[in-house]
Number of protein chains: 2
Amino acid sequence: MRASSPHEYSPLISKLESIFTLTEEEREALLSLPMQVAALKEDQDIVREGDRPSRCCLILSGLACAYKVTGDGRRQIVSFTVPGDIPDLQSLHLKVLDTSISTLTPCRVGFIQHEILHDLCRRHYRFAAAFWRETLVDAAIFREWTVNVGRREAYHRMAHVLCEMLMRLRAVGLAEDHACELPITQAEFGDALGVSTVHINRVLQALRSEGLIELKDEQLNILDWERLREVGDFDPTYLHLQREAPR
Amino acid sequence: MRASSPHEYSPLISKLESIFTLTEEEREALLSLPMQVAALKEDQDIVREGDRPSRCCLILSGLACAYKVTGDGRRQIVSFTVPGDIPDLQSLHLKVLDTSISTLTPCRVGFIQHEILHDLCRRHYRFAAAFWRETLVDAAIFREWTVNVGRREAYHRMAHVLCEMLMRLRAVGLAEDHACELPITQAEFGDALGVSTVHINRVLQALRSEGLIELKDEQLNILDWERLREVGDFDPTYLHLQREAPR
DNA sequence: CGTTTGGTTGAAATGTGTCAAACTTTGTGG
DNA sequence: CCACAAAGTTTGACACATTTCAACCAAACG
């Protein structure tokens with residue numbers, strides 16, 4: 001664990017910049033936020049359900065996920081994170097965590113104290129609005145996942161998350177037009193989509209044999225974006241990626 | 001549509017009061033919020049996916065739901081609302097709505113202009129925090145629903161929502177210890193749980209014959225709360241109902 | 001009183017889970 | 001650098017939860 005250097009904030013800053021233009025003062029304020037940086041291995045819990053954290057975690061690099069475990073020990077991943085996400089930003093206002101957050105790949109994670117963030121939000125309403133907005137986009141993704149899991153068959157479900165991940169990774173500069181690194185195992189996809197690993201395997205084979213995707217060696221290649229979008233019934237509105245007027 | 005009288009705000013005020021104590025000034029500020037009140041019939045859309053609303057809707061009485069429709073026309077309800085909820089509070093920071101909101105029963109709904117709420121939040125950070133928190137609790141509910149739909153069988157899923165609804169209604173004074181009005185049809189439960197109406201029917205019969213619940217004439221009676229909780233794998237933590245220290 | 005809405009039932013079709021085994025790739029220590 | 005273990009992927013057969021379809025019933029309603 002070491003302190004942050006200025007460039008560490010770049011995933012967060014570019015994410016905020018993608019929504020509205022930061023003033024010089026705001027950029028300064030962000031860059032001077034004290035943050036503890038840690039490098040984590042894969043499959044490590046960053047925080048756990050039931051924790052009462054005093055800080056938030058900013059994913060600087062790598063993939064992570066938020067998940068819950070049912071009484072009989074089955075895991076449901078409720079969202080994937082991409083760099084620039086703060087998956088436990090909710091803890092700023094909800095004392096007890098109701099989800100765990102775990103790395104899927106090795107990650108660099110920045111920890112920022114709650115008080116620091118509260119100060120920032122109190123001083124600049126635009127930051128409060130920006131962070132609040134982040135949590136609202138998260139919520140929109142949760143809603144879409146409920147729809148995905150509740151009303152689409154596994155084949156379509158899979159197409160849908162692949163579309164989502166590509167768009168989200170592209171938004172933070174981690175994907176080409178129709179390709180990206182996607183180091184997610186079939187078991188993890190299963191936990192995310194509420195489907196058994198075996199079935200995920202079959203569904204992926206179907207998508208491959210239909211000529212929609214290539215997925216091998218942690219590398220996703222979307223061969224027919226238009227048809228994958230249709231199959232996944234994917235409409236990116238819920239990701240709220242468009243630039244909007246500042247508040 | 002008519003203007004609000006003071007007592008209209010009571011569902012919202014008691015909800016906020018259940019989280020932290022309002023100062024006299026804050027209570028004043030809330031009561032003086034201009035709000036347009038409308039009485040809606042059942043099964044009416046309040047707002048629709050794709051809308052760009054300039055106001056939020058506060059459910060004053062009745063049940064409503066947020067839902068999305070898939071490309072092939074199947075509806076997924078992503079959450080139920082109870083009085084005091086502001087199901088499109090997200091629209092304060094996300095321009096385009098990604099879900100529709102519809103009444104399930106006749107409802108009284110209050111509309112509050114975005115500017116008014118933004119002003120309030122800017123002037124009193126505690127309100128920003130309180131409303132922000134509301135949206136975070138919503139998000140927690142979405143997450144739990146993903147788990148419910150993704151990892152539990154229909155029988156357990158149903159038990160889970162019944163527990164959730166009882167707790168939420170109790171929190172706003174609309175339920176006894178183990179009973180409440182619950183005017184939700186089996187088709188609506190189906191859309192909420194990602195299950196066909198027919199199967200909802202069978203699952204309800206099972207819950208009834210196990211002696212766990214009575215559900216008839218829009219009246220839910222939980223006969224064995226402890227076992228229903230177990231069957232539904234229900235842990236209310238995610239509802240974040242406990243009183244917390246002010247911010 | 002007929003019509004609509006919501007609930008109930010049965011039988012057949014099907015998507016998905018489970019189990020168990022084999023295969024492939026990756027990582028690691030000797 | 002090989003050998004072995006561990007992790008991830010693939011396959012087939014079978015079980016089962018849930019859907020679909022179609023009909024019927026009961027209560028509410030205008």
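A/Ser61 contributes no side-chain N or O that, together with a main-chain N or O of A/Cys107, makes up a donor-acceptor pair within less than 3.5 Å. Using modelled atom types, one side-chain atom of B/Arg157 and one backbone atom of B/Arg152 make a donor-acceptor pair closer than 3.5 Å. Judged by distance alone, with hydrogens and angles left aside, the side-chain atoms of B/Ser100 form a donor-acceptor pair with the main-chain N or O of B/Glu49 at under 3.5 Å. Side-chain N or O atoms of A/Asp191 include none that pairs as donor or acceptor with a backbone N or O of A/Ile77 at under 3.5 Å. Remark: side-chain polar atoms of A/Asp85 are paired, donor with acceptor, to backbone N or O of A/Val82 under 3.5 angstrom. At least one donor-acceptor pair under 3.5 Å links the side chain of B/Thr103 to the backbone N or O of B/Lys41.
For the salt bridge (charged side-chain N to carboxylate O under 4.0 Å, His left out) test, residues two or more places apart in sequence or in another chain that qualify with B/Arg143 are A/Asp98. In this structure, the side-chain contact (heavy atoms from CB on, under 4.5 Å) partners of B/Glu42, at least two apart in sequence or on a different chain, are B/Pro106. B/Phe189 is linked by a ring-ring contact (aromatic ring centres under 6.0 Å, His included) to nothing, counting only residues two or more places apart in sequence or in another chain.
The residue among B/Glu42 and B/Arg202 whose nearest nucleotide of DNA chain C lies closer to the 5′ end is B/Glu42.
Listed by residue number, A/Gly194, A/Val195, A/Ser196 are the residues of residues 181-197 of chain A with a heavy-atom contact under 4.0 Å to DNA chain C. Interface residues of residues 74-82 of chain B facing DNA chain D, ordered by number: B/Arg74; criterion, heavy-atom separation under 4.0 Å. Shown for residues 152-163 of chain A: residues whose heavy atoms fall under 4.0 angstrom of DNA chain C, namely A/Glu153, A/Ala154. Within residues 204-215 of chain B, the residues having any heavy atom closer than 4.0 Å to DNA chain C are, in order of number, B/Gln205, B/Arg208.
Protein chain B contacts DNA chain C from C/dG6 to C/dA11, reading 5' to 3' and using non-hydrogen atoms of the protein with a distance under 4.0 Å. On the nucleic acid side, DNA chain D has its first and last nucleotide under 4.0 Å of a heavy atom of chain B at D/dA17 to D/dC21, going 5' to 3'.
For the residue pair A/Gln76 and B/Arg151, the shortest heavy atom distance occurs at OE1-CG, 3.2 Å.
Residues A/Phe80 and A/Trp145 place their aromatic rings such that the two centres sit under 6.0 Å apart.
For residues 49-75 of chain B, the set of pairs meeting the ring-ring contact (aromatic ring centres under 6.0 Å, His included) definition, not counting sequence neighbours, is empty.
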Just list the side-chain donor-acceptor pairs under 3.5 Å for residues 169-178 of chain A, sequence neighbours left out, or say none.
from, atom 1, to, atom 2, distance (Å)
A/Arg170, NH1, A/Asp177, O, 2.4

With a cut-off of 3.5 Å and sequence neighbours excluded, list every side-chain donor-acceptor pair involving residues 212-231 of chain A.
from, atom 1, to, atom 2, distance (Å)
A/Asp224, OD1, A/Arg227, N, 3.2
A/Glu226, OE2, A/Arg229, NH2, 3.4

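Residue B/Arg48 places its CZ atom among 12 or fewer non-hydrogen atoms of other residues, nucleotides or ligands, all under 6.0 Å distant. Environment of CD in A/Glu181: sparse, with no more than 12 heavy atoms of neighbouring residues, nucleotides or ligands closer than 6.0 Å.
A side-chain donor-acceptor contact under 3.5 Å links B/Asn201 and B/Gln205.
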